[in-house]
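Just so it is clear: chains get the letters A, B, ... in the order the sequence lines come, proteins before strands, and each one is counted from 1.
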Amino acid sequence: MLLPATFYQHQDVVHIARALLGKVLVTQVDGLVTEAIIVETEAYRGADDRACHAYLRKRTARTETMFLPGGHAYVYLCYGIHHLFNVVTHVENEPDAVLIRAVQPKSGIETMLIRRKMSQLTVKLTQGPGCVSQAMGINKSLNASSLLGQDCIWIEDRGPVLETFSINTTTRVGVGYAGADAWLPWRFYVAGNPWVSAYPK
DNA sequence: ATAATGATTCGCT
DNA sequence: GCGAATCATTATG
């Protein structure tokens, strides 16, 4: 089942970050389909979170995407190298987003290996937000595109694809600049899943 | 117009 | 564990 607009718009971004674990991210880029199970996320809230690009609802050319209604893709370039994929949540003009930090490959693995220039399947294929985007063909051309149309990128609920799992909660990675907000417990991951990135577990 | 800085990854020690 | 790579974005003059 395609996740509907209500999923993205009618819940708090922290709740959505948890709820996205176990959902299936699908991309169709250059005619190639890849699917992967979301196993690690982080929440970013524009209203009051210093770590969020749109802290205090600050509008810039880059953050404009986060002000779209929930159910859009926010893709930006980090460190001049990596494209990071986020899910925009909340209603229009409330700039919240969930960063997808790691996924478990499900189909289209050959395509992912080629994009990552890897010959063997290891957890490094999709472990970390830059790797997820590279493997699934996500780049800035997908910024601001809708997740509701099953066009190039979308997210589905396929039921218990991971069977039962528990969720671990920790602080977010790489947000030391955010002062006290760096300590918010807004990073979520599937406990024991090997595809989760290796930072503070 | 210029300068500083990352929501990271990879390779080397 | 450490540091380089690399550039769009942002703030400032």
Side-chain angles (χ1 to χ4, degrees), chain A residues 8 12-14 16-18 20-21 25 36 38-68 70 72-90 94-103 105 112-145 147 153 155 168-189 194-201:
Chain A
Y8 299 107
D12 180 79
V13 65
V14 178
I16 294 171
R18 292 179 63 101
L20 281 172
L21 297 177
L25 174 63
I38 296 169
V39 297
E40 180 180 351
T41 62
E42 286 176 359
Y44 289 85
R45 189 163 69 193
D48 57 0
D49 167 20
R50 282 191 93 87
C52 183
H53 292 156
Y55 176 52
L56 299 181
R57 302 186 179 84
K58 181 179 63 175
R59 280 182 185 268
T60 67
R62 180 176 63 168
T63 64
E64 199 59 36
T65 301
M66 296 181 73
F67 288 80
L68 294 170
H72 287 82
Y74 171 47
V75 184
Y76 74 97
L77 186 65
C78 185
Y79 292 100
I81 305 172
H82 308 288
H83 296 270
L84 269 55
F85 167 62
N86 300 252
V87 175
V88 175
T89 74
H90 212 322
E94 282 293 342
D96 297 352
V98 176
L99 172 67
I100 306 301
R101 285 195 55 88
V103 299
M112 296 191 202
L113 285 169
I114 292 169
R115 287 177 178 148
R116 293 275 294 125
K117 296 178 168 54
M118 292 171 59
S119 52
Q120 299 291 325
L121 175 58
T122 72
V123 293
K124 295 184 186 306
L125 184 66
T126 55
Q127 191 178 61
C131 299
V132 169
S133 294
Q134 188 176 33
M136 301 194 72
I138 298 169
N139 60 61
K140 278 189 62 182
S141 71
L142 291 183
N143 183 44
S145 61
L147 302 176
I153 183 166
I155 303 175
N168 281 5
T169 303
T170 63
T171 54
R172 295 171 292 181
V173 175
V175 296
Y177 59 86
D181 290 342
W183 298 99
L184 291 170
W186 285 1
R187 175 181 182 234
F188 306 98
Y189 61 90
W195 300 91
V196 171
S197 70
Y199 296 92
K201 286 200 184 181

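Here the C1' atom of nucleotide C:dA5 and the CG atom of A:Leu77 are 12 Å apart, to the nearest Å. Taking atom NZ of A:Lys117 as the reference point, atom C1' of B:dT9 lies 14 Å away to the nearest angstrom. Look at NE2 on A:His83: it is 13 Å from P on B:dT9, rounded to the nearest Å. Between the CD1 atom of A:Ile100 and the P atom of B:dT8 there is a distance of 14 Å, given to the nearest Å. Whole-Å rounding puts the A:Arg50 CZ to B:dA7 P distance at 14 Å. Rounded to whole Å, the distance from CG on A:Asn143 to P on C:dT9 is 9 Å. Residue A:His53 contributes atom NE2, which lies 11 Å from atom C1' of C:dT10 at whole-angstrom precision. Rounded to an integer number of Å, the gap from CG of A:Asn139 to P of C:dA8 is 13 Å.
Between A:Ile153 atom CD1 and A:Phe85 atom CZ the span is 4.0 Å, to the nearest 0.5 Å.
Closest approach of A:Pro129 to A:Leu99, counting heavy atoms only: CB-CD1, 4.2 Å.
Aromatic rings from A:Tyr76 and A:His53 are positioned such that their centres are separated by under 6.0 Å.
Within the nucleic acid shown, A:Arg116 comes within 4.0 Å of sugar-phosphate atoms alone, with no base atom in reach, counting heavy atoms only. If you check every strand for non-hydrogen atoms under 4.0 Å, A:Lys58 touches sugar and phosphate atoms only. Within the nucleic acid shown, A:Lys140 comes within 4.0 Å of sugar-phosphate atoms alone, with no base atom in reach, counting heavy atoms only. Counting non-hydrogen atoms under 4.0 angstrom, A:Leu99 reaches a base of the nucleic acid. In this structure, A:Ile81 reaches the bases: a heavy-atom distance under 4.0 Å links it to at least one base atom across the strands shown.
Here A:Arg101 reaches the OP1 or OP2 of B:dT8: one of its side-chain N or O atoms lies under 4.0 Å away. Contact annotation: A:Tyr74 side-chain N/O to B:dA7 OP1/OP2 distance is not under 4.0 Å. Between C:dT10 and A:Thr60, a contact under 4.0 Å exists linking OP1 or OP2 to a side-chain N or O.
Taking the charged nitrogens against the carboxylate oxygens, A:Asp12 and A:Arg45 do have a contact shorter than 4.0 Å, which makes a salt bridge.
Ring-to-base geometry does not place A:Tyr76 in a stacked arrangement with C:dA8 (centre distance under 5.5 Å, plane angle under 30° required).
C:dT6 is unpaired under the Watson-Crick or G-U wobble criterion, no partner having all donor-acceptor distances under 3.5 Å. Base pairing analysis places C:dT12 opposite B:dA1; the two distances defining the Watson-Crick or G-U wobble pair are each below 3.5 Å.
Annotation: cation-pi pair A:Arg172/A:Tyr44 present, NZ/CZ under 6.0 Å from the ring centroid and within 45° of its normal.
With hydrogens and angles ignored, no donor-acceptor pair closer than 3.5 Å exists between the side chain of A:His82 and the base of B:dA7.
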